[in-house]
Amino acid sequence: MNQSYIDFPDLVKGLSDETLLKIGKATGSTDFGVRFYYKKQHPKFYKNRFALEKAIKRMWANNAFNHRERTARILDIDLETLR
């Protein structure tokens, strides 16, 4: 059986900010990188792509509350191909 895999950290780098925010709101809505992404009064996180990616990767690694399944559904990707 020959199945190709997608490395999640590499995939995240290529996603749009809007897609990352959608994932972030579904999996890590309390993370500051997600909550304050569009808030100018929080300059440390305002449009901080690095903080947003970090939040998404942390939720993926943690996998609490089925974060991986939610992420795969949002991306419309088979969870078995992501690692």
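Values below: all heavy atoms of this structure, side chains included; hydrogens, waters and symmetry mates excluded. Keep in mind that what you see is a predicted model, and the values were worked out from it rather than measured.
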Can you list the steps and then say if Arg49 with Glu53 is a salt bridge (charged side-chain N to carboxylate O under 4.0 Å, His left out)? CA-CA 6 Å; Arg49 171 78 185 212; Glu53 285 184 18; 2.7 Å; yes
Leu11 vs Leu75, test: side-chain contact (heavy atoms from CB on, under 4.5 Å). Steps then yes/no. CA-CA 10 Å; Leu11 176 67; Leu75 296 174; 3.6 Å; yes
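In this structure, Ile23 CD1 and Ile56 CD1 are separated by 5.5 Å, a value rounded to the nearest 0.5 Å. We find the CG-NZ distance between Asp17 and Lys22 to be 15.0 Å, quoted to the nearest 0.5 Å. For the atom pair CE (Met59) and CZ (Arg68), the distance works out to 12.5 Å, reported to the nearest 0.5 Å. Between Arg73 atom CZ and Ile77 atom CD1 the span is 13.5 Å, to the nearest 0.5 Å.
Shown here for Leu52 and Gly33, the closest heavy-atom pair between the two residues is CD1-O, 3.8 Å. Closest of all the heavy-atom pairs between Tyr37 and Asn48 is CE1-N, 3.5 Å. Of all heavy-atom pairs between Leu20 and Leu15, the closest is CD2-CD1, 3.9 Å. The heavy-atom pair separating Glu80 from Tyr5 by the smallest distance is O-CE2, 3.4 Å. When all heavy atoms of Ile74 and Ala26 are compared, the closest pair comes out as CD1-CB, 3.6 Å. When all heavy atoms of Ala55 and Val34 are compared, the pair lying nearest together is CB-CG2, 4.0 Å.
Test Arg58, Lys25, Lys57 against Asp31 for salt bridge (Lys or Arg N to Asp or Glu O under 4.0 Å) and you get one pass: Arg58. Among Thr27, Leu82, Val12, the one residue that satisfies the side chain to side chain contact (heavy atoms under 4.5 Å, CB included) test with Trp60 is Leu82.
Counting only distance, with no hydrogens or angles, the side chain of Thr71 and the backbone of His67 share a donor-acceptor pair below 3.5 Å. Judged by distance alone, with hydrogens and angles left aside, the side-chain atoms of Asn66 form no donor-acceptor pair with the main-chain N or O of Glu69 at under 3.5 Å.
Within a 6.0 Å radius of CZ in Phe8, other residues, nucleotides and ligands contribute more than 12 heavy atoms.
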